[in-house]
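Each remark here refers to the structure printed beneath this line.
Here the structure is a predicted model, which means the values were calculated and not measured. Whatever order the structure lists them in is the order used to number ligands and atoms, beginning at 1.
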Amino acid sequence: MKKVIVTGVTGQDGSNMVDYLLRETDHMIIGGVRRLSVKNHQNIEHLQDEDRFFLIDLDVTDAQNTDEVIAEHKPDYFINFAANSFVGCSWDMPEQVFETNTLGVLRCLESIKKFQPNCRFYSAGSSEEFGNVDYSPQDINHPIKPRSPYGASKAAARHLVKVYCESYNMFAVHGILFNHEGTKRGEEFVTRKITKGVARIHSVVHDVDNWRKRKSEKPKFEPIELGNIDSKRDWSDSEDFVQGVWLMLNQDTPRNYVLASGETHSIREFVEKAFKHAGFKGFWEGEGIDEKYYSLDGEHKNLLVRINPEFYRPAEVDLLLGNSIPIREELGWRPKSSFDKLVQKMVEFDINAENSIKGREGTS
Ligand code: GDP
C-alpha cells in the first residue's frame, strides 16, 4: 500500500486533500499535525474511524522531527500544506511566515533527499507570488513580483523546489493556486468573514420578522466591517483544487501548473452575491471609507457593511486572474464549482450553522 503524508490536515486544503485521497485512491494517508495546547481538529473529526488514515506529530519548523518522520514512514508522496496562509498577518510576523512557509519547505526537501529520495513532493505555491501583476490572465511564466512577506515566502519556496529538482533529480512540484475557499475556510479570510457575517445578520433579521407579527421591532446587529472592497480575486472551491494537486503529483515529469477559475470578481461583488443568496436586496451609498451597504426594511435602512480602514493592508494586490488552461488541457483537470455555486454553498452552510446554534439555545 502506498503512503501519502499530508501536512496541515487540520486546515481547509489538508482536510479536503485527505477526503479526496480516501475517496479516489487506496493509499494509506498519514496526517501531519503540529502539537498545540488546544486541539483544532474540527476539520478532521469525521476521519476518526478511518482505517486508512492516522495522525502523527509533524512540525516542519523542526528539522529533527521532519527527518525522523520521513525516515520512519518512508512516504511515496509528501503533500505539504503546513503554512501560515494568511497574507494579512504576514506583515505582523514576517519571520514566522518565512520560518514555516520557506524554511519549512527546505526542511521537507532536505529530509526527503536524505531518507526517501524517490518520494514525490508537493509545495503549495500561491498567486500572491505574482503580486503587482504585469498582465492578465496570469500564467505560470508571469514574473514573480510579491507584495507581502507571505508572497515573498512562497516565491522563495518556489525557487527552492526548482533548485532541488535540478540539483538532485527529485520529483517536486510547486503548484500556483489562486484563491480557494469553502466551508472549512478560516474566518480571517474575506470570503468566510462575509458569509459568516451574512448568516449572523440573516439570523437576527429572520428572528425579528417573526417578532414583528406580534409587535414592532427594528433588527439590532453589528454590520460587517471590511477593508479594501475594490480588490479583485480569482476564487475557486478548494475541493476542486485538491484534484489538481494530485494530478500535478502524478505527471511523468515534474512541472508546475496554475490552478484558477479564470474569472475575477471584486470583494464588493462577493458581498452583493452573498447577501442576495440570503434573501437581502442591498444597495451601496457613499464613497471611499464612507461607503456603506444597506438593505431597506420598510422605511428604515439597515446597515449591513461598512468600511474599517484597520483592514486595509500596507500594500495591496489589486487584481488576480489566473490562466489554468495548461492543466485543463494537459492533465485533464476539471473543476466542478463556479463563483456563484461557491458563494451559495458558503452562505447556506453558515446560515444552517447559525440556525442549529439557535435551535440548540432554544431547547437548552
Ligand atoms: P488573500 O487574497 O490571500 O489575501 O485573501 P483574503 O481573503 O485575506 O483577502 C482578499 C482581499 O480582500 C484582499 O485584497 C484584502 O485586502 C481584501 N479585504 C477587504 N476587507 C478584508 C477583510 O476584512 N479581511 C480580509 N482578510 N481581507 C479583506
Check: Would the Phe86 and Phe189 ring centres measure less than 6.0 Å apart?
Finding: yes

Next item on the list: Supply the members, apart from Phe311, of the Ile/Leu/Val/Met/Phe/Trp/Tyr cluster built from side-chain contacts under 4.5 Å; use none for a lone residue.
Entry: none

Item checked: Shortest protein contact, atom 28 (C) of ligand 1 (heavy atom only) -> Val190 CG2, 3.5 Å

Notebook entry, point to check: Within less than 4.0 angstrom of ligand 1, does Tyr312 place any heavy atom?
Noted result: no

Margin query: Tell me if the centroids of the rings in Trp246 and Tyr77 come within less than 6.0 Å of each other.
Written below: yes

Check: Salt-bridged, Lys196 to Glu187, with N to O below 4.0 Å?
Finding: yes

Next item on the list: Please report which non-hydrogen protein atom sits nearest to atom 14 (O) of ligand 1, along with the residue it belongs to and the distance in Å to one decimal place.
Entry: Ser231 OG, 2.7 Å

Next item on the list: Check each atom of ligand 1 against the heavy atoms of Glu316 and keep those under 4.0 Å away; list them by number with element.
Entry: 13 (C), 14 (O), 15 (C), 16 (O)

Note to self: Working to the nearest 0.5 angstrom, can you tell me the gap between Ser90 OG and Arg313 CZ?
What the structure shows: 8.0 Å

Check: For atom 26 (N) of ligand 1, which protein heavy atom lies nearest, and how many Å away is it?
Finding: Glu188 O, 2.8 Å

Notebook entry, point to check: Would Trp91 and Tyr150 count as a close aromatic pair, with their ring centres under 6.0 Å?
Noted result: no

Notebook entry, point to check: What atoms of ligand 1 come within less than 4.0 Å of a heavy atom belonging to Ile267?
Noted result: 11 (C), 12 (O)

Check: Which atoms from ligand 1 have a heavy atom of Leu226 less than 4.0 Å away?
Finding: 20 (N), 23 (O)

Check: Can a non-hydrogen atom of Asn228 be found less than 4.0 Å from any atom of ligand 1?
Finding: yes

Item checked: Residue part near ligand 1, for Phe189, under 4.0 Å between non-hydrogen atoms -> both

Check: Got a donor-acceptor contact below 3.5 angstrom from the Asp234 side chain to the Ala260 backbone?
Finding: no

Checklist line | Winner among Lys232, Glu128, Arg313, Glu310 once heavy atoms are compared against atom 6 (P) of ligand 1 | finding: Arg313

Note to self: So for ligand 1, is Gly227 a polar contact partner (N or O within less than 3.5 Å, distance only)?
What the structure shows: yes

Notebook entry, point to check: Starting from atom 3 (O) of ligand 1, which protein heavy atom do you reach first, and at what distance in Å?
Noted result: Val87 CG2, 3.4 Å

Please report, to 0.1 Å, the donor-acceptor pairs under 3.5 Å made by any side chain of residues 131-138, with sequence neighbours excluded.
| residue | atom | partner | partner atom | Å |
| --- | --- | --- | --- | --- |
| Asp134 | OD1 | Lys145 | NZ | 2.5 |
| Tyr135 | OH | Asp139 | OD1 | 2.7 |
| Tyr135 | OH | His142 | N | 3.3 |
| Ser136 | OG | Gln138 | NE2 | 3.1 |
| Gln138 | OE1 | Leu321 | N | 2.8 |
| Gln138 | NE2 | Tyr135 | O | 2.9 |

Check: Atoms of ligand 1 less than 4.0 Å from Phe311 heavy atoms?
Finding: 23 (O)

Checklist line | Glu285 and Lys301 ion-paired at < 4.0 Å | finding: yes

Note to self: With heavy-atom distances below 4.0 Å as the criterion, list the atoms of ligand 1 near Lys193.
What the structure shows: 22 (C), 23 (O)

Next item on the list: Under 4.0 Å, heavy atoms only, figure out whether ligand 1 is touched by the backbone of Asn179, its side chain, both or neither.
Entry: side chain

Margin query: Give me the nearest non-hydrogen protein atom to atom 13 (C) of ligand 1 as residue plus atom name, then the distance to 0.1 Å.
Written below: Arg233 NH2, 3.5 Å

Next item on the list: For this output row, return yes or no: ring centroids of Phe241 and Trp333 closer than 6.0 angstrom.
Entry: yes

